[in-house]
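Working notes, beginning with the structure itself.
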Protein chains: 2
Amino acid sequence: MSRMGMSSNDHQPKQQKPSLSRERVVAAAIAILDGEGENALTFRALAKSLSTGSGAIYWHVADKRTLLAAATEHVLSEAIAQSGRGTHPADAVRDVALGVFDVIEAHPWVGTELAREPWQPAMTTLFEKISAGFDAMGVPRSALFYCGSALVQYLLGFAAQAAAAARHDFQSQDRTEVLTTLVARWTQGEPADYPYVHLLADELRSHDEREAFLAGLDLILAGARNLQG
Amino acid sequence: MSRMGMSSNDHQPKQQKPSLSRERVVAAAIAILDGEGENALTFRALAKSLSTGSGAIYWHVADKRTLLAAATEHVLSEAIAQSGRGTHPADAVRDVALGVFDVIEAHPWVGTELAREPWQPAMTTLFEKISAGFDAMGVPRSALFYCGSALVQYLLGFAAQAAAAARHDFQSQDRTEVLTTLVARWTQGEPADYPYVHLLADELRSHDEREAFLAGLDLILAGARNLQG
DNA sequence: ACCTGAACACCGTTCAAGT
DNA sequence: ACCTGAACACCGTTCAAGT
C-alpha cells in the first residue's frame with residue numbers, strides 16, 4: 001500500500017493504437033455519418049479514420065449494409081428503450097414516437113436508413129410499445145395491428161422526408177430559397193391551379209417541425225380513440 | 001409442311017434502329033426496373049437494351065437521379081391525375097391514396113424512389129388533391145397543412161415498407177418463412193416479452209395488404225373529421 | 001486470431017473522336 | 001446534333017500474405 005502515485009503510468013507506453021472492435025468500427029462510422037454526411041461513409045474513409053486497412057473492417061462487420069444497420073441500431077435502440085413514459089397511454093405512444101423524431105433530427109442518416117430498411121430490431125421494440133399503448137387506450141384487439149402499422153408508417157414517412165430535406169440542405173444551405181424554387185418548378189407558372197401547394201410552401205417556411213409532427217401524430221391517435229369499444 | 005404462306009414477311013426492310021429519345025430511354029429504364037429489379041438498372045445495361053453506347057444516354061438525361069425521377073414521374077403522374085373521384089370528399093382522398101398504392105404494388109421500385117425523394121412533381125399534384133379533399137371535408141384552414149402532410153407521410157411510409165418487402169421477396173421467394181425467421185431473430189427467444197410483435201407476425205402472414213392500407217388511411221381521415229369546425 | 005493493402009469487379013460519368 | 005466506347009475516378013469486397 002506504499003507506492004503512492006502513478007507508478008503504473010510512469011514510463012508511458014508508446015502511443016499504441018487500440019485494437020479494432022465492432023464497437024469502435026460502428027462508433028467511427030457514426031462519427032463520419034454525423035460529421036460529414038451519408039456520402040462520406042466509405043470503407044476507405046472508415047479505414048483511414050481508424051488508421052487501418054479497409055480489409056480489416058470486414059473482420060468485424062459483414063458488409064456495409066450490416067454496418068449501417070448496426071449504426072442505426074446503436075443510436076435508435078437506447079432512445080426507444082427509454083421512451084414510452086406518460087401517465088395516459090396516448091402520452092406514452094406520443095413519447096415513443098417523439099423519441100424517434102429526436103433521433104432523426106439529430107442524425108438525419110437514420111431517416112435514410114429507416115426508409116430503406118424499416119424493420120430494424122429497434123423498430124420491433126417500438127412496435128411492441130406502441131401496440132401496448134393502443135391496447136391500453138382501449139383499441140379493440142382486431143384493430144391493434146392497423147393502428148400500430150399506421151403509426152409506424154407515419155413515422156417512416158417522416159423519416160424519409162426529414163432525411164431527404166437534410167440531404168438537400170447539406171449542399172445548398174439556403175432552405176427558404178430551395179423551397180421557393182422547388183414549388184415554383186412544380187407549379188410551372190400556373191399558381192392558380194395549385195393553391196394548396198402554395199399554402200404548403202408558406203407553412204413549410206414558417207412551421208415548427210416538432211409541432212407539425214405531433215399534430216399529424218394526434219390525427220392517428222384521434223382516429224384510434226374513435227375505435228374504442 | 002413446306003410452304004405455308006408467310007408472304008407478308010417477304011423483302012423485309014433492313015432493320016433500321018429507331019433513334020434515341022428521352023422517352024425511349026425512360027421506357028427502357030422502366031422495363032428493366034420492372035423486369036429485373038432495381039439493382040439491374042445500370043447505364044451499361046440500359047445502353048445494351050437500347051443497342052447504343054452508355055455515353056449516348058447522357059445526351060437525353062442528365063444523370064441517374066434524373067432518370068429515376070423521370071421513370072417515377074411517368075408511372076405516377078397519370079395515376080394521380082386520373083384519381084380523386086368520389087361522391088364524398090373523403091372518398092376522393094381515399095381514391096387518390098389508392099392510386100399511389102396501386103402504382104407501388106405494380107412497380108415496387110417507385111416505393112424506393114419515393115422514400116428517397118418524396119417531393120417528385122406528381123406528389124405535388126397529390127398534395128393539391130388531398131388538401132382540396134380535406135378542405136371539402138370541413139377541416140379548418142389552419143389544420144389543412146397538418147392533415148395533408150400526415151397523409152403524405154403515411155403514404156411514404158407505406159412506400160418504404162412495400163419497397164423493402166419487395167426487395168427481400170425478390171431474393172428469397174418464401175415470404176412466410178422470411179417473416180417467421182425475422183420475427184424470431186427480433187424477439188431473440190423471449191417471445192413472452194413481445195406479445196404484440198407475434199400478433200403482428202401472424203397478421204402480416206394473413207392480412208390483405210389493400211385492406212390494411214385502407215384501414216390505416218381511415219384512421220387519419222377519422223382524425224381529420226374530428227377537427228371539423 | 002487479426003490485420004494489411006493490392007487487386008478485382010463493378011459503378012456513374014466524361015470526353016475526344018466520329019457521323 | 002447526336003452517337004461511340006474507351007478512359008477515369010470512384011465504389012464494396014476479396015484474399016494472399018503477413019504478424
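- Taking CD1 from B:Ile130 and CZ from B:Arg94, the interatomic distance works out to 13.5 Å, rounded to the nearest 0.5 Å.
- Between B:Phe127 and B:Trp119, the ring planes are perpendicular. Angles over 60° get that label, and only those under 30° would be called parallel.
- Taking atom CG on A:Leu50 and atom P on C:dC2, their separation rounds to 16 Å, with Å as the unit.
- D:dC11 atom P lies 11 Å from atom CD1 of A:Ile32, rounded to whole Å.
- Aromatic rings from B:Tyr58 and B:Phe43 are positioned such that their centres are separated by under 6.0 Å.
- A donor-acceptor pair shorter than 3.5 Å cannot be found between the side chains of B:Ser19 and B:Arg24.
- For the residue pair A:His168 / B:Glu117, a side-chain donor-acceptor distance below 3.5 Å is found, with atom types taken as modelled.
- Annotated stems with DNA chain D as a participant read C:4-8 with D:12-16, C:12-16 with D:4-8, given as range with range, by first number; only runs of 3 or more Watson-Crick or G-U pairs under 3.5 Å qualify.
- For the 3.5 Å distance criterion, the side chains of B:Glu113 and B:His107 fail to qualify, holding no donor opposite an acceptor.
- Ring pair A:Phe101/A:Phe213 is tilted by interplanar angle, where 30° to 60° counts as tilted.
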Next item on the list: For nucleotides 12-19 of chain D, just jot down a letter per nucleotide in 5' to 3' order: B, S or -, based on protein non-hydrogen atoms under 4.0 Å.
Entry: BBBB----

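- Evaluation of the side-chain contact (heavy atoms from CB on, under 4.5 Å) rule for A:Gln153 yields B:Tyr154, B:Phe158, B:Gln161 as partners, not counting sequence neighbours.
- Proximity of A:Trp59 to the phosphate of C:dC3: no side-chain N or O atom is located under 4.0 Å from OP1 or OP2.
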